[in-house]
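Quick notes on the structure that follows.
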Amino acid sequence: MPEVTLVGAVNLALARAMEDDPSVLVLGEDVGVDGGVFRATDGLLGRFGPERVFDTPLAEASIAGMAVGLAAQGFRPVAEIQFSGFIYPAIDQMVNHAARLRNRTRSRLSCPMVLRAPNGGGIRAAEHHSESVEAFFVNIPGLRVVVPSSPAKAYGLLLAAIRDPDPVVFLEPPRLYRALKEEVADDGRALSLDTSFVIREGTDVTLVTWGASVVEAMAAADDLAADGVEAEVIDVACLKPLDMGPILASVERTGRCVIVHEAPLTGAPGAEIAARIAERGLMSLVAPVQRVTGYDTVMPLLRLEKAFIPSTRRVIDAALRTLEYA
Amino acid sequence: MPEVTLVGAVNLALARAMEDDPSVLVLGEDVGVDGGVFRATDGLLGRFGPERVFDTPLAEASIAGMAVGLAAQGFRPVAEIQFSGFIYPAIDQMVNHAARLRNRTRSRLSCPMVLRAPNGGGIRAAEHHSESVEAFFVNIPGLRVVVPSSPAKAYGLLLAAIRDPDPVVFLEPPRLYRALKEEVADDGRALSLDTSFVIREGTDVTLVTWGASVVEAMAAADDLAADGVEAEVIDVACLKPLDMGPILASVERTGRCVIVHEAPLTGAPGAEIAARIAERGLMSLVAPVQRVTGYDTVMPLLRLEKAFIPSTRRVIDAALRTLEYA
Amino acid sequence: MAVATFEIGFTRFLDRSGEVVQPLPAFASEAKALIPLYRSMTRLRMFDAKAVALQRTGRLGTYAAALGEEAVTIGLASAMAADDVLVPAFRDQGAQLWRGVGLVDILAYWGGDERGSVAGPSEDFPVCVPIGTHFPHAVGVALAIKLRRQSRAVVCIGGDGATSKGDVYEAMNMAGLWQLPVVFVVSNNQWAISVPRQRQTAAATLAQKAIAAGIPGEQVDGNDVIAVRHAVDEALAAARAGRGPRLIEAVTYRLGDHTTSDDATRYRDDATVSTHWAEEPLVRLRRYLTAQGVWTKEDEEAMQVALAAEIEKAVADYLALPPPAPQDMFDHLFAVLPADLKAQRDTLAEEEALHA
Amino acid sequence: MAVATFEIGFTRFLDRSGEVVQPLPAFASEAKALIPLYRSMTRLRMFDAKAVALQRTGRLGTYAAALGEEAVTIGLASAMAADDVLVPAFRDQGAQLWRGVGLVDILAYWGGDERGSVAGPSEDFPVCVPIGTHFPHAVGVALAIKLRRQSRAVVCIGGDGATSKGDVYEAMNMAGLWQLPVVFVVSNNQWAISVPRQRQTAAATLAQKAIAAGIPGEQVDGNDVIAVRHAVDEALAAARAGRGPRLIEAVTYRLGDHTTSDDATRYRDDATVSTHWAEEPLVRLRRYLTAQGVWTKEDEEAMQVALAAEIEKAVADYLALPPPAPQDMFDHLFAVLPADLKAQRDTLAEEEALHA
Ligand SMILES: Cc1ncc(C[n+]2csc(CCOP(=O)(O)OP(=O)(O)O)c2C)c(N)n1
Ligand SMILES: Cc1ncc(C[n+]2csc(CCOP(=O)(O)OP(=O)(O)O)c2C)c(N)n1
Ligand SMILES: [Mg+2]
Ligand SMILES: [Mg+2]
């Protein structure tokens with residue numbers, strides 16, 4: 001099994017999906033000869049040709065909108081938005097069309113498309129290149145929202161997203177694109193889009209997170225373990241629909257929950273998770289649910305981005321706060 | 001004091017703001033001679049002339065973007081989006097520019113604009129005309145999000161929004177536009193944008209809501225009172241920034257909370273409120289926090305819209321569920 | 001130094017009095033062949049009138065009649081082959097009807113029932129309410145057709161107001177770039193609700209919007225169904241032959257309110273509207289048919305009776321449609337309903353049962 | 001029948017060898033008057049090179065040099081009056097510098113510090129990173145100017161890639177409709193990252209995008225600073241006089257990578273790029289100035305020494321900038337920080353203190 005980076009795994013999954021299914025297309029700005037600004041689509045043009053891998057004009061609204069048309073025709077377009085800070089013009093198409101085409105035609109037409117974008121900071125990028133936008137998609141009925149946190153998950157979840165009969169927004173953390181390598185078997189096996197993943201077991205406190213923040217959550221769990229505190233870590237990965245099963249089961253055991261994400265606090269998916277715990281796991285809780293998140297500020301330019309992104313330190317502090325309750 | 005409808009109060013506030021401050025402009029599709037499709041801007045063109053009240057081309061992205069430019073120049077544009085289902089193309093401008101212009105220039109430039117739109121269903125309108133979009137705005141740092149629920153609040157909050165030095169998204173429930181009349185003194189007095197409003201006092205359960213759902217929450221409170229259950233009702237009104245003070249204080253007394261809103265459940269502002277209760281009011285809770293909301297479905301066409309909109313019945317049932325806990 | 005020059009043409013065959021002003025295209029060489037067009041335009045007008053009446057009496061939701069624009073929507077549909085794909089705006093029930101969507105379906109949709117969008121040629125898009133957002137869909141469909149090397153094409157329709165939207169421009173630009181088989185038709189009815197076409201743009205014609213996209217643009221008399229059909233015919237032939245997209249501006253006039261929610265007397269005077277009645281598309285075609293001796297008063301009466309009966313029947317069927325079940329709102333959200341939605345669906349069903 | 005015709009012109013004064021190909025405009029009648037332009041273009045090129053070097057050594061964030069496009073950005077800025085408003089794209093540090101923004105500020109911004117956008121003419125917009133989204137801002141500013149009946153104007157800049165965006169079209173259309181005092185300049189450097197201009201649009205020129213908006217469009221040689229300045233001069237004069245907006249396409253070439261994050265060798269070959277070096281704007285102007293006898297080798301050397309010193313000084317000042325405090329991220333979000341944000345700010349400050 002080859003060791004690949006997360007962006008390498010994205011590339012593998014795209015190639016595998018295209019190999020398996022001639023209706024899969026890859027499109028977006030600079031995805032062709034350049035192979036994507038992060039190289040996620042590297043080599044695909046050479047391998048699958050200009051009819052299946054093509055650059056679009058610079059027009060995010062219509063990249064999404066054109067994908068809707070292709071998908072309605074039975075293609076499976078995988079459209080790349082170069083950075084999630086430029087995804088906003090595509091929201092109109094996602095909410096008003098992609099996510100409702102099946103519903104509004106009572107399944108006469110459907111929209112099996114994927115909208116991929118790098119999402120999040122920590123790469124010393126320019127203004128507008130480090131945003132976390134998942135909150136803009138989780139309220140859209142008919143949509144799936146997926147955020148991988150490792151090469152294996154990127155591979156398996158992206159395959160699942162491409163094969164899914166409905167539209168998926170797939171947000172990749174660029175901070176993890178080349179941060180770690182992992183053995184990934186290119187076996188065409190998709191992961192489920194309906195499951196939260198327990199990635200570390202523990203009995204004292206539940207850390208719930210996704211995307212790049214998985215790194216800080218796992219580091220915090222390591223540090224806490226050194227102090228005798230066993231944290232369970234759950235990578236939600238699929239933010240919508242949301243699988244609360246493992247989270248509620250864990251909180252039932254630990255009684256404590258810290259939610260960690262990079263998006264600004266207010267109205268992000270962490271709120272939804274906390275709300276569902278307050279509804280369905282309340283009686284298990286011995287301590288207030290904590291959220292360690294980006295602040296409700298504009299993502300600062302690079303000199304301050306580290307101060308914005310939830311640190312391991314902040315996760316540990318929050319976990320320890322929950323442990324102050326008996 | 002004249003009795004006015006909610007849409008009448010919007011009109012009064014616009015006129016008052018324009019009267020008081022020559023930098024206030026009203027713009028949007030059909031806001032001029034037609035007076036807006038709901039008549040919110042009726043008479044303003046005649047009174048303030050075509051340089052201050054003007055129709056724009058049909059282009060929501062640029063209506064918002066042009067307002068940013070006007071606001072940076074010191075005007076106070078109040079831009080109307082005809083229905084909130086057409087507000088999505090404006091999100092890019094709101095998040096990437098309006099809400100961050102002050103921050104990214106360290107206050108050299110600022111953006112005192114208001115983006116108004118009817119928001120919500122219940123008026124037997126066509127497809128895409130009954131959406132609830134508040135969830136798309138509450139995660140945007142630097143923005144205020146306001147939803148009036150009565151003529152008096154519409155008047156006072158809209159005045160405050162127009163006078164506020166920063167951008168405000170102002171979402172008006174069309175179901176209430178003409179549903180009730182109220183005495184509103186046209187005295188130019190603004191309400192605070194930093195306060196949740198306790199609109200009915202009670203000791204047994206806290207109903208937290210905003211916009212049109214205030215109607216069902218109040219009706220539920222009446223019904224519950226007939227059964228001896230005293231519900232406190234809080235109209236959040238300003239969804240961002242969020243004033244948790246009255247909510248936490250109430251839950252501290254009641255131990256029970258039902259959140260009611262029309263937007264689809266997942267990731268709507270109700271989640272944020274529940275999350276904050278789980279964080280800061282957990283120890284007061286005797287019962288799980290309940291949310292009575294629109295379903296996570298596309299807003300159905302008019303034959304089913306009543307089944308989608310939270311009913312008084314559903315609010316009562318949820319309140320009674322919280323009372324099953326001791 | 002001039003590096004590029006452009007020209008926008010205008011085409012008309014039948015003038016307002018039904019006189020032929022230039023040689024007719026082949027499809028119109030026999031006057032009789034135009035009768036189906038005339039019949040469909042009349043059917044649309046009668047149906048629209050009925051729908052408006054239903055709305056006025058609370059039995060339909062908001063409705064947008066095509067009054068005055070029948071030649072555009074029927075003309076373009078009549079140029080299409082069965083396997084071409086229609087991507088319509090919200091006022092294009094005429095084109096839908098021509099292509100086989102039932103009167104009942106149109107009523108069901110505007111009556112607030114998603115089942116109204118099931119019928120019709122299976123690849124056609126349902127009508128699009130958010131202005132202009134369907135233009136990129138047409139590009140995607142056309143790209144799909146091109147990738148499959150099929151000889152068919154897409155027709156996408158928008159209004160004068162739609163031409164101000166950025167996505168409409170983006171879509172035309174993409175279609176031009178890739179030389180896709182799509183025909184964009186702008187039904188310039190001079191109004192976007194209360195905003196007159198002159199307040200949408202300083203452009204002298206809407207056809208010239210095509211120049212920005214590097215594609216041909218032309219104007220036709222949108223009240224002359226022969227001109228509309230001819231232009232769309234030619235554009236479709238070019239598109240199917242791989243010669244790329246075109247933009248056709250059909251110049252017409254909205255004779256009625258914007259929709260049943262609108263009161264046009266607030267922003268335009270009846271006198272102006274009246275002058276446009278002299279241009280309207282049905283009369284001129286009837287005059288021509290009559291002059292050619294292929295249409296009589298009796299034909300007219302018989303047609304009207306038959307159409308009225310058809311429409312009455314459709315209305316009765318529509319009114320008899322059983323209401324959708326509330327839990328239907330979950331059933332077409334996803335191919336397979338995810339677990340957390342299934343829970344919501346169950347709750348809804350339970351509550352319905354409980355309080356039934 | 002033709003109902004509208006259009007023509008796109010092209011203007012050049014200095015060819016690639018620095019020969020004058022047509023009578024010069026008044027501002028250029030004395031060759032000496034062009035020296036400040038030459039000096040600013042050189043300053044920009046030297047500064048860009050330094051910034052790229054800083055990025056390469058980890059002391060600056062991503063940076064977009066204007067290599068090859070100096071005549072566009074300096075030319076347009078030199079045409080502006082102090083009280084005109086600049087609404088720049090992300091590659092327009094040249095125009096910012098001309099208008100008084102400090103070298104240190106440019107470095108601070110691209111070095112990741114919001115304080116870099118404080119300086120400069122107080123009404124100018126900061127650079128815009130999301131492509132094309134600033135075009136509507138320019139419209140708003142121009143409308144403000146028109147409403148106040150001021151005699152000033154706005155200059156808004158975008159790239160060839162930007163012309164594919166819907167908001168860019170929408171903005172030009174609005175500006176045309178209201179005849180606003182704004183000049184749109186497209187710096188067509190032939191590339192949008194890896195996508196060549198031919199893959200953005202089928203339009204023969206980008207200047208013709210203006211036709212859709214009903215405004216005049218023209219091409220100029222974007223490597224000829226005289227042509228750029230002249231066209232913007234004239235457009236600004238028309239705009240200030242109430243004659244509405246224009247679109248100027250400046251045809252130039254991006255000689256370097258897209259930004260420091262880019263590796264242009266992946267998608268274009270050096271040989272092609274080389275041919276464009278023969279067109280670049282500094283050499284041709286220097287040839288002209290030298291031929292006119294107003295510029296010597298000694299002048300060139302003295303200028304380079306002075307500029308290098310100025311730039312070194314700026315870099316030192318930039319590197320000495322104290323880091324922003326983390327809680328600064330709260331301080332310009334709102335005019336008055338709302339209570340719930342104040343709590344977040346306090347927490348952040350406490351945590352910083354605790355773990356310092
Ligand atoms: C994006 C969007 N904005 C606003 C509206 C509200 N609206 C419905 S129709 C209309 C005018 C459309 O004008 P035009 O494109 O000329 O079509 P017509 O109504 O004349 O057929 C408006 C503003 C909408 N449906 N979509
Ligand atoms: C809306 C948006 N989409 C994508 C990007 C990423 N991006 C940055 S520059 C660029 C190309 C811009 O090309 P052009 O407009 O020609 O300007 P140039 O870089 O040549 O100056 C792209 C795609 C962006 N900044 N904004
Ligand atoms: Mg119209
Ligand atoms: Mg370029």
Side-chain angles (χ1 to χ4, degrees), chain A residues 28-39 42 45 50 54-63 65 82-83 85-89 92 123-131 264-266 292-308 311-314 316-318, chain D residues 58 61-64 90 108-114 116-117 126-133 159-167 192-195 199-201 258-259 261-264 266-268 321 323-330 332-333 338 340-341 344-345 347-348 351-352 354-355:
Chain A
E29 295 158 13
D30 305 291
V31 300
V33 56
D34 196 34
V37 295
F38 286 106
R39 311 291 172 247
D42 198 20
L45 171 63
F54 52 90
D55 291 335
T56 62
L58 206 170
E60 283 76 9
S62 295
I63 289 173
Q82 204 158 78
F83 288 87
F86 311 130
I87 210 169
Y88 307 111
D92 188 26
I123 53 164
R124 292 177 54 80
E127 194 176 5
H128 298 280
H129 284 69
S130 304
E131 322 304 306
L265 176 84
T266 298
V292 178
T293 73
Y295 299 101
D296 280 321
T297 63
V298 174
M299 177 70 176
L301 295 186
L302 70 90
R303 289 189 81 165
L304 285 185
E305 68 173 339
K306 278 209 181 117
F308 178 93
S311 62
T312 303
R313 184 72 255 162
R314 286 177 62 203
I316 294 170
D317 288 351
Chain D
T62 306
Y63 187 78
F90 65 99
Y109 173 76
W110 292 103
D113 190 330
E114 283 81 358
S117 293
V127 296
C128 183
V129 169
I131 299 298
T133 54
D160 43 311
T163 64
S164 294
K165 284 238 18 248
D167 37 12
I193 309 187
S194 72
V195 181
R199 298 259 176 89
Q200 286 294 338
T201 181
H258 167 68
T259 65
S261 304
D262 179 49
D263 171 10
R266 289 179 67 88
Y267 51 81
R268 65 182 192 183
L321 263 185
Q327 54 272 27
D328 284 8
M329 69 175 92
F330 289 93
H332 299 276
L333 269 180
D340 71 342
L341 279 164
Q344 290 188 21
R345 186 183 189 281
T347 312
L348 169 63
E351 280 170 4
E352 289 289 322
L354 199 66
H355 299 297

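Throughout, protein chains are lettered first and strands after them, A, B, ... in sequence-line order, and every chain is numbered starting at 1.
- Scanning both residues, M329(D) and Y295(A), for their nearest heavy atoms gives SD-CD1, 4.0 Å.
- Side-chain contact between L301(A) and D113(D) is absent, with no heavy-atom pair separated by less than 4.5 Å.
- Looking at V298(A), both its backbone and its side chain come within 4.5 Å of chain D, counting heavy atoms on both sides.
- Contact annotation for D30(A): both backbone and side-chain heavy atoms come within less than 4.5 Å of a heavy atom of chain D.
- Contact check for I193(D) versus Q82(A): side-chain heavy atoms found under the 4.5 Å cut-off.
- With rounding to the nearest 0.5 angstrom, the CG atom of L304(A) is 9.0 Å from the CG atom of L348(D).
- To the nearest 0.5 Å, atom CD of residue E127(A) and atom OG of residue S117(D) are 6.5 Å apart.
- Using a distance-only test at 3.5 Å, with no hydrogens or angles considered, a donor-acceptor pair links the side chain of R266(D) to the main chain of D34(A).
- If you measure heavy-atom distances from F83(A) to chain D, you find no contacts under 4.5 Å at all.
- The choice from P326(D), G161(D), G61(D), P130(D) that makes the most heavy-atom pairs within less than 4.5 Å of chain A is P130(D).
- Pairing each heavy atom of W110(D) with each of L302(A), the nearest pair is O-CD2, 4.4 Å.
- Using a 4.5 Å cut-off between heavy atoms, Y109(D) contacts chain A through both its backbone and its side chain.
- Residue R314(A) qualifies as enclosed at atom CZ: its count of foreign heavy atoms under 6.0 Å is above 12.
- Looking at R124(A), the atoms closer than 4.5 Å to chain D (heavy atoms on both sides) sit in the backbone and in the side chain alike.
- The contact between E351(D) and chain A is made entirely by side chain atoms (from C-beta outward), counting heavy-atom distances below 4.5 Å.
- Using a 4.5 Å cut-off on side-chain heavy atoms (C-beta onward), K165(D) and E60(A) make contact.
- Note on R39(A) versus D263(D): no salt bridge recorded, every NZ/NE/NH1/NH2 to OD/OE distance being 4.0 Å or above.
- Of the residues considered (S62(A), S311(A), A59(A), P300(A)), P300(A) shows the highest number of contacts with chain D, using heavy-atom pairs under 4.5 Å.
- The part of A325(D) that comes within reach of chain A is its backbone (N, CA, C, O), which places non-hydrogen atoms under 4.5 angstrom from that chain.
- Contact record, H129(A) with V129(D): CE1-CG1, 3.4 Å, taken as the closest heavy-atom pair.
- Closest of all the heavy-atom pairs between R303(A) and G111(D) is CG-O, 3.3 Å.
- Closest non-hydrogen pair, A162(D) versus L58(A), comes out as N-CD1, 4.4 Å.
- Closest approach of D296(A) and L333(D) over heavy atoms only: O-CD1, 3.4 Å.
- Interatomic distance, D328(D) CG to T297(A) OG1, rounded to the nearest 0.5 Å: 11.0 Å.
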